[in-house]
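Take a look at the structure below.
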Amino acid sequence: MKRCSWRRAAAISTVVLTPMGVATAAVAPSGSAGIGDPYYPNYGNGGYDVDHYSINVEYDRTKNTVKGKTWVFATTKQSLGRFNLDLALRAKLVTVNGRPAKFTQSEHELVVTPSRALKKGESMAVEVTYGGNPSTTKVKGFTPWVTTPDGAAALGEPESAAWWYPSNDHPRDKATYDIAITVPKGVEALSNGTLQSNKVSGPWQTWRWQVSQPMAPYLAFFVTGQFTITKGTAQGIPWLNAVTTVKSPQQRYAAADLARTPEIVAWEAKQFGPYPFETMGGVAPNAPLGFALENQTRPVYSNVFWADGPSEGVIVHEQAHQWFGDSVSVHNWKDIWLNEGFATYATWLWSEKQGEGSRQDLLESYYLTPPDEDFWSTTIGDPGAGNEFDAAVYDRGAMTLAALRNRVGEAKMSKILKTWTRQKADGNARIADLIALAERISGQQLDSFFTAWLYTPQRPAATKANGFPATFAKRASTARTQRVAMPASRAQLDADHKQMITQERQRVVG
């Protein structure tokens with residue numbers, strides 16, 4: 001976890017600084033416009049590392065507008081005469097360490113030139129005042145902002161931050177957060193972490209949330225509307241759920257499934273290691289969002305998951321992301337298998353626990369009856385920009401892990417998962433890191449195994465080396481002429497993933 005210097009920077013930002021003998025902003029180098037992700041070159045920014053965000057936004061439902069003032073507390077990684085922040089709403093005023101700064105703005109980038117150049121290793125407190133209508137603010141024709149019947153939702157993957165606060169918007173730069181959301185009195189405003197206060201001032205009400213462990217910018221969210229909030233403590237961990245007050249069968253199913261969050265998290269902790277955060281819960285707004293998102297500490301769920309009844313599998317999936325995706329985040333977006341494959345594998349473990357189909361049943365079912373002919377053509381270890389949420393990344397991702405368990409054995413598989421979440425907690429990881437860990441713990445050379453499963457655009461051979469029992473090869477060769485038995489959980493898993501992967505259509509290609 002990064003050591004935060006933002007409190008020191010906050011003190012600096014309130015005083016007038018005297019000129020120092022450093023290079024002028026005109027000749028000092030600029031931070032890059034992207035952090036270096038090969039899929040999305042303009043995501044994130046270079047030259048600095050964020051320690052903490054202090055976000056203050058006011059949402060006016062009648063105008064669907066946001067007014068914001070956010071402080072970004074960061075440490076420079078090089079001397080900086082200019083740097084970028086990711087922001088789609090229009091900036092009105094920027095200061096750096098208490099001094100007015102010049103700025104320009106394009107569709108997605110806020111370029112800041114401080115009044116004096118910053119030294120390498122220097123703390124900076126950047127204050128940005130901004131605003132606009134997020135629903136009509138589009139980048140390449142896209143906005144992640146969702147207007148609901150009783151409020152709004154700011155959430156999305158691989159990005160959503162730029163539509164409500166300025167940031168270094170890439171999972172590689174995590175930070176802690178204070179989030180204050182002001183809404184009309186009587187309206188709930190949900191976000192990540194622990195609720196610090198909820199105060200009324202005249203016709204307005206401000207909800208303050210705090211995130212004390214590092215979080216990737218896209219995982220920060222807010223949802224406003226009319227909610228019933230329930231809370232408590234389980235296994236020593238506080239929890240808070242919020243479910244729309246609109247009465248419907250979907251609302252009742254959602255409330256019942258979200259109430260199982262502590263139970264599901266406790267079970268997942270036995271599979272993956274201790275729960276990684278200070279609080280847990282979930283939000284179910286009155287909105288057909290079309291997807292669920294693993295927002296850190298408190299996932300947000302579309303009501304479409306409960307259109308036909310209970311759907312605890314989506315809770316299992318999104319809560320598994322607290323370990324795989326939130327605590328251990330991708331280094332680059334090409335590493336997405338480390339998020340979606342592992343969360344899907346958790347639902348396979350849950351299926352086995354419920355007696356609705358074992359991991360082996362599901363592995364064989366997907367191997368013999370893939371959902372479509374393109375299932376095997378994606379290299380899930382490097383799916384390509386815009387394909388991170390392809391169904392294959394989910395289902396073949398889980399298949400890879402089920403096959404790995406067959407290859408290395410149950411005890412070593414459990415050790416791999418728990419060691420991974422412990423060693424990489426609060427950080428970032430590459431697929432290569434996971435492969436190295438699996439080889440070290442198993443004592444096996446696994447390059448050919450992972451090449452077949454992650455990096456070859458065809459179905460792996462049904463061999464022992466690829467994680468299949470010897471008895472399966474013959475059945476696989478004759479499967480086209482036989483009826484394949486489907487595990488009881490298969491239909492629900494497919495339906496849930498169909499909803500989850502609609503995220504792919506809600507993105508910006510940067």
Side-chain angles (χ1 to χ4, degrees), residues 1 213 235-237 263-277 280 294 316-331 335-354 357-364 380-381 393-455 460 463-470:
M1 180 174 175
Q213 290 168 269
Q235 295 85 47
I237 302 172
E263 168 202 347
I264 289 169
V265 166
W267 173 79
E268 289 182 327
K270 293 179 181 178
Q271 317 307 313
F272 310 134
Y275 181 72
F277 300 123
M280 59 181 163
E294 63 269 19
V316 173
H317 183 103
E318 302 306 332
Q319 291 299 337
H321 273 308
Q322 304 305 303
W323 286 265
F324 304 103
D326 294 7
S327 177
V328 185
S329 300
V330 296
H331 180 80
D335 299 305
I336 192 67
W337 169 69
L338 296 173
N339 291 11
E340 300 304 345
F342 284 66
T344 302
Y345 183 66
T347 65
W348 288 24
L349 295 176
W350 183 260
S351 170
E352 189 169 286
K353 176 182 183 295
Q354 302 298 108
S358 69
R359 283 167 285 183
Q360 187 61 30
D361 292 337
L362 288 161
L363 173 61
E364 295 182 9
I380 64 173
V393 176
Y394 291 69
D395 299 323
R396 279 179 50 202
M399 293 174 72
T400 302
L401 293 168
L404 179 63
R405 173 253 196 171
N406 290 343
R407 173 74 186 259
V408 305
E410 182 65 36
K412 289 182 178 178
M413 184 66 178
S414 177
K415 187 175 181 180
I416 289 167
L417 294 174
K418 291 178 180 178
T419 302
W420 179 252
T421 60
R422 183 181 71 253
Q423 291 185 349
K424 298 294 185 179
D426 291 334
N428 300 82
R430 299 175 173 91
I431 290 175
D433 300 327
L434 187 281
I435 294 173
L437 178 68
E439 289 185 333
R440 179 173 64 80
I441 289 176
S442 69
Q444 299 183 34
Q445 209 285 330
L446 297 170
D447 282 353
S448 60
F449 172 88
F450 282 109
T451 296
W453 279 104
L454 300 181
Y455 299 108
T463 63
K464 183 178 180 180
N466 287 335
F468 289 100

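Atom CD1 of I264 and atom CD of E318 lie 11.5 Å apart (nearest 0.5 Å). Note that CD1 of I380 and CG of L454 are 5.0 Å apart. Values are rounded to the nearest 0.5 Å.
Two residues are said to be in side-chain contact when any heavy atoms from C-beta on lie closer than 4.5 Å; W453 and N466 meet this criterion. In this structure the side chain of Q271 never reaches within 4.5 angstrom of the side chain of L417, judged on heavy atoms. Under the 4.5 Å side-chain criterion, counting only non-hydrogen atoms from C-beta, W337 is in contact with L401.
The minimum heavy-atom distance linking V328 with A429 is given by the pair CG1-CB, 3.9 Å. Of all heavy-atom pairs spanning I431 and G381, the tightest one is CD1-O, 3.5 Å. The two atoms that bring P469 and N406 nearest to each other are CD-ND2, 4.4 Å, heavy atoms only. The two residues F449 and A465 have their closest heavy-atom pair at CD1-O, 3.4 Å. Here the shortest heavy-atom pairing between E340 and V393 reads CB-CG1, 4.0 Å. In terms of heavy atoms, N339 sits closest to G325 at OD1-CA, 3.3 Å.
With sequence neighbours excluded, the residues satisfying side chain to side chain contact (heavy atoms under 4.5 Å, CB included) with I441 are K412, K415, I416, T419, L437. Remark: E410 engages R359, R405 in a side chain to side chain donor-acceptor pair (under 3.5 Å) (not counting sequence neighbours). Residues passing the salt bridge (Lys or Arg N to Asp or Glu O under 4.0 Å) test with R407: none are found, sequence neighbours excluded. Under the ring pair (Phe, Tyr, Trp, His ring centres under 6.0 Å) criterion, F272 pairs with W323, F324, sequence neighbours left out. Every residue two or more places apart in sequence or in another chain was checked for a side chain to side chain donor-acceptor pair (under 3.5 Å) with T400, and none qualifies. Among residues two or more places apart in sequence or in another chain, the side chain to side chain contact (heavy atoms under 4.5 Å, CB included) test is passed with S358 by E352, Q360, D361. Annotation: side chain to side chain contact (heavy atoms under 4.5 Å, CB included) contacts of S327 (sequence neighbours excluded): P276, F277, A425, D426. Taking the side chain to side chain donor-acceptor pair (under 3.5 Å) definition, one finds that E263 meets it with R260, sequence neighbours left out. Legend: residues meeting side chain to side chain donor-acceptor pair (under 3.5 Å) with D326, ordered by chain and number and at least two apart, are Q322. Under the rule for a side chain to side chain contact (heavy atoms under 4.5 Å, CB included), the partners of S351 that lie at least two apart in sequence or sit in another chain are E356, L362, S489.
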>> Assess the residue pair L404 and F450 against the criterion (side chain to side chain contact (heavy atoms under 4.5 Å, CB included)); give the C-alpha distance rounded to whole Å, side-chain angles, the decisive distance to 0.1 Å, and a yes or no.
In response: CA-CA 9 Å; L404 179 63; F450 282 109; 4.1 Å; yes

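For the side-chain contact (heavy atoms from CB on, under 4.5 Å) with H317, the qualifying choice from F342, Y394, Y345 is Y394, the only one to do so.
For residues 429-439, every residue pair satisfying the side-chain hydrogen bond (donor to acceptor under 3.5 Å, both in side chains) rule, not counting sequence neighbours, is listed here: H331-R430.
Under the 6.0 Å distance and 45° angle rule, K270 does not count as a cation-pi partner of W267.
A donor-acceptor pair is defined here as one N or O able to donate and one able to accept, closer than 3.5 Å; such a pair exists between the side chain of T347 and the backbone of T344.
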